[in-house]
Amino acid sequence: MRNVAETIREATRQHLIENNGCLYAQCIRAVGWIAGTVPDLTEAEGIYELPTSDVSNSGIACGAALAGRRPIYVIRYQGFLAYNAATILNYAAKSLDMWDVPCPLFVRGIGMEGNIGPVASGMHHNVIARMPGIPVFAPMTPNEWMATWEYFLSNEHPVYCSEHRRSYVIDTELPDRYNKNGPVIIAIGAARLEAEKAVNELNAKNVGVSLIHLYQLKPLTFTNAQMTHLSGSTACLIVDSDYQLCGMAEHIAYTLSHQLTAPTFALGLKDKTSAFSPQHDNLTPSSAEIIDALYRFDMIHATH
Amino acid sequence: MNATAIIEQSWFNRFFEYGAAQALDDGVVIPPIYLSVGTEHIPPTIKEVMHTIYGFHSILDYAIFPQHRCHSYYLSFGGSAEGLALELCGSPDGCNQGRGGSASISNQTTARFFGHSGLLGDQVPIGVGYAHASGVTTVIVMGDAAAEEDYVLGALGYAASQNVPTIFICEDNNLSILTEKRIRRSWSIVDVAKSFGINAVELDDAPEQIYHAFKDHAENARSKPFLINLKCERFLWHAGSGQDGKPSHDPLLEYTLRNGFILEDALIQQQQETASNIWRNVYEKCGRNYSRSNQATPD
């Protein structure tokens, strides 16, 4: 099975060769074809190198979307959305609502973290999710990425695909894990990998905790099986690789609080700047921090 | 150069705009409204250029990315005048069902005329991207304030580097709302464009000057970007129907007289009549009375 990087690369290759698609990004060829996610094609085949002009670049990609090329626009660090989001949110996301003119742009925002400072660090899908007109996904597996891509191809809206570099080597799926009558973790982005570790550790100690993997963030959708399980849960913790404050984790906790009898809680990046050295960094909640939160919120008990 | 066609469309644009101003004052049109009185001859001239110099047969053969103050562009490039009038009233029968208002109108039916979001100048990178990805020659309209947006400069650089088939029209009325250009910057957009390698000229907004500037660029038309900075005058307020003072001159009137027409000519009178009839219909659709006193009349 292909890993996520290979999946992205081959879907992109097919899009460019068969659909007259195109891809816009900065520094594509110079450093490993964006972690191996971009096919080794030429400009004539639709790979367009952009200058270091983040604000205007996203506008250029929007224009290509209006032209019907269904461009892929790659932002190499999601923190750079501070510049890039202007036209994506104010034009691409609004074009269909305002003028019935589709602006189908596939935005790949790449998250990474750890010693990379105050801007480049973390996932930032929250910034996008608050604006109408742009669905948001955070796939971490090959099939999830393909489902995100197929959603884009079959809809007229722009799509924000919140990626994390830790996903690129993943070549398996991450199914939900259900335990009856206990707490549930809903995990997003790279936090899913930490949640997996936390659940493994707790289950090994016979502490039954369920895990729901969420990658379609907006429109927020749970399967029937997920809702059934959530309805029988004792508590729910939503964990994200983006900031907790005013973010998806708190939003989902709030939304579910009206649908479940069980209490809901949120955990994400702290409300502090990610500085360079490890002691000053601000990372995706680790498995230890997730377990600590489960205890702190009284979702599991020390007697376990 | 078909001066009659330019004069005919320009006077229609003007009478339409004065009708809109009156409708605003009558409470029929919903504010904010950005009127193009004083510059309504520029789009018909650009249209003439696109057809006679660039050789396009149809409005649908090229694209237009305007921003606010774009009524005259909309009207000159095939937009429905009644649709626009109703749009300004917020009607569901408006050209954008009341969603576009004055600043964000679009026409994808009879032209490739793209709406503007309201983020000043974002039509420049978007228009460049459209032209780059489609190969369709694209007219991008901005004002002297929009030209100062950093992403406009980035987009000019990309258009130059990639030889994107774009025409940048900077309508330079010297004002950002009421702040003069000399207070905002020390540089010229023409110098900036030239430094990127773009053929760029600064002109007064007389149709003959515009036409000849395009003619000089004809060899590279459709293959290289071109920027013209048009020194023009906004007769009315930035938003609304008010007027701070008499304009220094009237390029449309001067062009009309240079070409042997007078205001009493049937050609011009007919434009006034047509514009008035449109506004009369719109008043009626809005349940309001229209009288001769409402009639669009330039000062």
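In what follows, chains carry the letters A, B, and so on, assigned in the order in which the sequence lines appear, proteins first and then strands, with residues in each chain numbered from 1. Keep in mind that the numbers below use all heavy atoms, side chains included, and drop hydrogens, waters and symmetry copies. If you're wondering where the values come from, they're calculated on a predicted model, not measured in any experiment.
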Answer with side chain, backbone, both or neither: which region of [X] has an atom nearer than 4.5 Å to a non-hydrogen atom of chain B?
X       : answer
A:Tyr24 : side chain
A:Ala86 : both
A:Asp97 : backbone

Kindly compute the distance separating [atom1] ([X]) from [atom2] ([Y]), expressed to the nearest 0.5 Å.
X        : Y        : atom1 : atom2 : answer
B:Ser104 : A:Met98  : OG    : CE    : 4.5 Å
A:Cys103 : B:Phe114 : SG    : CZ    : 9.0 Å
A:Ser58  : B:Ile126 : OG    : CD1   : 8.0 Å
B:Tyr158 : A:Glu49  : OH    : CD    : 9.0 Å
B:Arg99  : A:Asp100 : CZ    : CG    : 4.5 Å

> Under 6.0 Å from the CZ atom of A:Arg130, do we count more than 12 heavy atoms belonging to anything else shown?
Replying inline: no
> Just wondering, are more than 12 heavy atoms of other shown residues or ligands nearer than 6.0 Å to CZ in B:Phe196?
Replying inline: yes
> Counting heavy-atom pairs under 4.5 Å to chain B, which of A:Val55, A:Leu66, A:Leu50 comes out on top?
Replying inline: A:Leu66
>> Let's test your reading of the structure: which of B:Cys95, B:Ala131, B:Gly115 forms the most heavy-atom pairs below 4.5 Å with chain A?
In response: B:Gly115
>> Shorter than 4.5 Å, heavy atoms on both sides: which option in B:His132, B:Gln97, B:Arg112, B:Gln108 has the most such pairs with chain A?
In response: B:His132
Distance-minimising heavy-atom pair for [X] and [Y]:
X        : Y        : result
B:His116 : A:Tyr91  : CA-CE1, 4.4 Å
B:Ser106 : A:Trp99  : CB-CD1, 3.3 Å
A:Ser56  : B:Pro125 : O-CB, 3.4 Å

> Using non-hydrogen atoms only, which part of B:Gln162 is less than 4.5 Å away from chain A: side chain, backbone, both, or neither?
Replying inline: side chain
> Does any heavy atom of chain A fall under 4.5 Å from the side chain of B:Gln123, the backbone, both, or neither of them?
Replying inline: neither
